[in-house]
Student: 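The structure is given below, and queries will be raised subsequently.
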Amino acid sequence: MKILSFGSLNIDYVYSVPHFVKKGETLSAKELNVYTGGKGLNQSIALARAGVETYQAGAIGTDGMFLLEQLKEAGVKTDLVKILDDVRTGNAIIQNDDEGDNCIVLFGGANQAITKEQVDEVFKDFTNEDYLLIQNEINELSYIVEKAKEEGMKIILNPSPMNEKIMKLPLDQIDYFILNEIEAMQILEMDKPEEIDGKYIASLLHERFKDATIVLTLGSEGSVCISDDEYVEQSIYKVKAIDTTAAGDTYTGYFIAGILKGKTIKESMDIASKASAIAVTRQGAAPSIPVLEEVEEYK
């Protein structure tokens, strides 16, 4: 089996700042770094570095050719990425503060130029033994889900960034949800409580989508997974965070890779937690994602 990651490819401009810029403030950055990024690209690299056969689909402009090189270096197959002459590659403006937290402004660019014709072409080489991974940084998501279901593929959704587009998807056709508690509450149309009970929220989401596996990340509280026949909790591996940009993408890629390689949910969550712990100790998005050997040796 193989996995198709149909998602975004971005150029990330990362500004190191003492704090996030406030309204009306002009703030001098201590440093600027340019990295490869986009949730599609990050998760593809995590999947490939975790050791599964990974195909990236999406679109870039001619200014983003170096993104393909990074994917290829990680072992991702890139023939399904369309190169557009008249649209810029998607990009992100990222502020990274002294605490290791970040805030992000996205420009869709080529990520929002996916066509139904491109989607049709992509799915010609996939079967009911394969998996599809999607996020929410490209257009034509509903059509992509439709085509994947026609082929009988398993569909994994990471609904980030969360907005009204997600609510318009055929969510009852999703096989795996990998998301945080805020995204889960938005799907459930819940108001944010003063104290969030992640386990309760995960159970509500599973009641809503009974045929799906729910993986809920809970920040410092770790993660939980609920499926038809089991409930699993996973604690975090505590580290000093430098840059959290790709933590969730790393977790997603390594968790899915574990499942595709026949590991149990508990084993997959554990290795995903280790991988994301390593990632947050490094700068950048894709460059921070560890290779499998590093994760297996991590204590």
Side-chain angles (χ1 to χ4, degrees), residues 1-9 38-48 50 52-60 71 76-84 87 90 108 110-179 183 187 205-206 208-215 227-228 249 252-253 255-262 265 268:
M1 67 181 66
K2 54 187 182 285
I3 184 159
L4 168 65
S5 175
F6 207 142
S8 57
L9 302 100
K39 297 192 75 66
L41 180 145
N42 294 340
Q43 292 177 14
S44 290
I45 287 178
L47 284 161
V52 294
E53 185 178 359
T54 307
Y55 293 75
Q56 174 77 52
I60 59 172
L71 285 163
V76 179
K77 295 175 173 43
T78 63
D79 291 347
L80 301 176
V81 177
K82 194 165 186 178
I83 301 166
L84 305 175
V87 183
N111 296 317
Q112 297 299 316
I114 307 297
T115 64
K116 286 184 170 64
E117 290 76 18
Q118 180 185 355
V119 175
D120 291 341
E121 191 67 28
V122 164
F123 280 96
K124 287 181 178 178
D125 295 324
F126 294 90
T127 71
N128 61 3
E129 295 183 353
D130 302 323
Y131 284 67
L132 167 70
L133 170 61
I134 53 174
Q135 313 83 23
N136 192 27
E137 292 181 343
I138 62 171
N139 65 318
E140 293 294 357
L141 282 177
S142 291
Y143 190 65
I144 289 168
V145 171
E146 177 186 328
K147 294 299 292 186
K149 276 302 175 184
E150 284 180 11
E151 300 298 336
M153 298 172 73
K154 296 285 188 184
I155 302 175
I156 305 153
L157 172 65
N158 172 218
S160 179
M162 182 67 198
N163 58 33
E164 67 281 352
K165 285 171 56 181
I166 291 295
M167 304 305 292
K168 294 177 181 177
L169 292 178
L171 295 177
D172 58 334
Q173 296 185 26
I174 303 302
D175 298 285
Y176 289 82
F177 290 85
I178 303 179
L179 68 175
E183 292 159 351
I187 288 175
L205 200 60
H206 189 250
R208 174 90 167 264
F209 303 105
K210 295 183 183 300
D211 295 329
T213 295
I214 310 297
V215 181
S227 62
D228 274 344
D249 295 335
T252 296
F255 174 82
I256 296 166
I259 297 299
L260 265 64
K261 292 160 78 173
I265 284 177
S268 300

Student: Sequence neighbours left out, what passes ring pair (Phe, Tyr, Trp, His ring centres under 6.0 Å) with F123? Give chain and number order.
Tutor: none
Student: Would you say that T252 contacts V215 through its side chain, given a criterion of any heavy-atom pair below 4.5 Å between the two side chains?
Tutor: no
Student: So, are E146 and K149 salt-bridged, with charged N and O less than 4.0 Å apart?
Tutor: no
Student: Looking at A50, is its backbone amide N or carbonyl O close enough to the side chain of K261 to form a donor-acceptor pair, meaning the two atoms are under 3.5 Å apart?
Tutor: yes
Student: With side chains defined as the heavy atoms from C-beta onward, is the minimum distance between S44 and L71 less than 4.5 Å?
Tutor: yes
Student: Can you tell me which residue among V87, N111, V81 is in a side chain to side chain contact (heavy atoms under 4.5 Å, CB included) with I60?
Tutor: V81
Student: Test your reading of the model: is there a side-chain donor-acceptor pair from N139 to the backbone of I114, 3.5 Å cut-off?
Tutor: yes
Student: Which distance, rounded to the nearest 0.5 Å, do you find between the CD1 of I155 and the CG of D175?
Tutor: 6.0 Å
Student: Drop me the distance from N163's CG to K165's NZ, to the nearest 0.5 angstrom.
Tutor: 6.0 Å
Student: Answer yes or no: is there a side-chain heavy-atom contact under 4.5 Å between I3 and I156?
Tutor: yes
Student: Side chains of L4 and D125: does their closest heavy-atom pair fall under 4.5 Å?
Tutor: no
Student: Would you say the side-chain atoms of S8 pair up with the backbone N or O of I138, donor to acceptor, closer than 3.5 Å?
Tutor: no
Student: In the structure I gave you, are the side-chain heavy atoms of E53 and K77 within less than 4.5 Å of one another anywhere?
Tutor: yes
Student: Suppose we call two aromatic rings close when their centres sit under 6.0 Å apart. Are F126 and Y55 close by that rule?
Tutor: yes
Student: Go through the steps for L260 and L47 under the test side chain to side chain contact (heavy atoms under 4.5 Å, CB included), then give the verdict.
Tutor: CA-CA 10 Å; L260 265 64; L47 284 161; 5.8 Å; no
Student: Please lay out, stage by stage, how Y131 and E129 fare under the test side chain to side chain donor-acceptor pair (under 3.5 Å).
Tutor: CA-CA 7 Å; Y131 284 67; E129 295 183 353; over 6 Å; no
Student: Taking the side chain from E183 and the backbone from I178, do they hold a donor-acceptor pair closer than 3.5 Å?
Tutor: no
Student: Counting N and O atoms only, with roles assigned by atom type, does the side chain of S160 sit under 3.5 Å from a partner on the main chain of N158, one being a donor and the other an acceptor?
Tutor: no
Student: Would you give the length of the straight line joining atom OG1 of T213 to atom CD1 of I259, rounded to the nearest 0.5 angstrom?
Tutor: 7.5 Å
Student: How about D228: does its CG atom have over 12 heavy atoms from other parts shown lying under 6.0 Å from it?
Tutor: yes
Student: Could you walk me through whether Q56 and T78 pass the side chain to side chain donor-acceptor pair (under 3.5 Å) test, one step at a time?
Tutor: CA-CA 5 Å; Q56 174 77 52; T78 63; over 6 Å; no
Student: Are S5 and Q43 close enough that a side-chain donor and a side-chain acceptor fall under 3.5 Å?
Tutor: no
Student: Are N128 and E151 side-chain neighbours, meaning at least one heavy-atom pair lies under 4.5 Å?
Tutor: no
Student: Out of the candidates L141, L132, V145, only one should pair with F6 under the side chain to side chain contact (heavy atoms under 4.5 Å, CB included) rule; please name it.
Tutor: L132
Student: Just wondering, do M162 and M167 contact through their side chains at under 4.5 Å, heavy atoms?
Tutor: yes
Student: Supply the atom-to-atom distance L9 CG to K39 NZ, rounded to the nearest 0.5 angstrom.
Tutor: 13.0 Å
Student: Validate the cation-pi geometry between K116 and Y143: distance from NZ or CZ to the six-membered ring centre under 6.0 Å, angle to the ring axis within 45°.
Tutor: yes
Student: When rounded to the nearest 0.5 angstrom, what is the spacing between NZ in K147 and CE in M153?
Tutor: 12.0 Å
Student: Kindly compute the distance separating CD1 (I45) from OG1 (T54), expressed to the nearest 0.5 Å.
Tutor: 10.0 Å
Student: Judged by atom type as modelled, is there a donor-acceptor pair below 3.5 Å linking the side chain of N42 to the main-chain atoms of D249?
Tutor: no
Student: With K154 as the cation and Y176 as the aromatic partner, state whether NZ or CZ is under 6.0 Å from the six-membered ring centre and within 45° of the axis.
Tutor: no
Student: Is there a donor-acceptor contact under 3.5 Å from the side chain of N136 to the main chain of P159?
Tutor: no
Student: Are more than 12 heavy atoms, taken from residues, nucleotides or ligands other than D211, located less than 6.0 Å from that residue's CG atom?
Tutor: no
Student: With distance as the sole test, does D130 use its side chain to make a donor-acceptor pair with the main-chain N or O of M1 at under 3.5 Å?
Tutor: no
Student: Would you check if V52 and I256 make a side-chain contact, meaning some heavy-atom pair closer than 4.5 Å?
Tutor: no
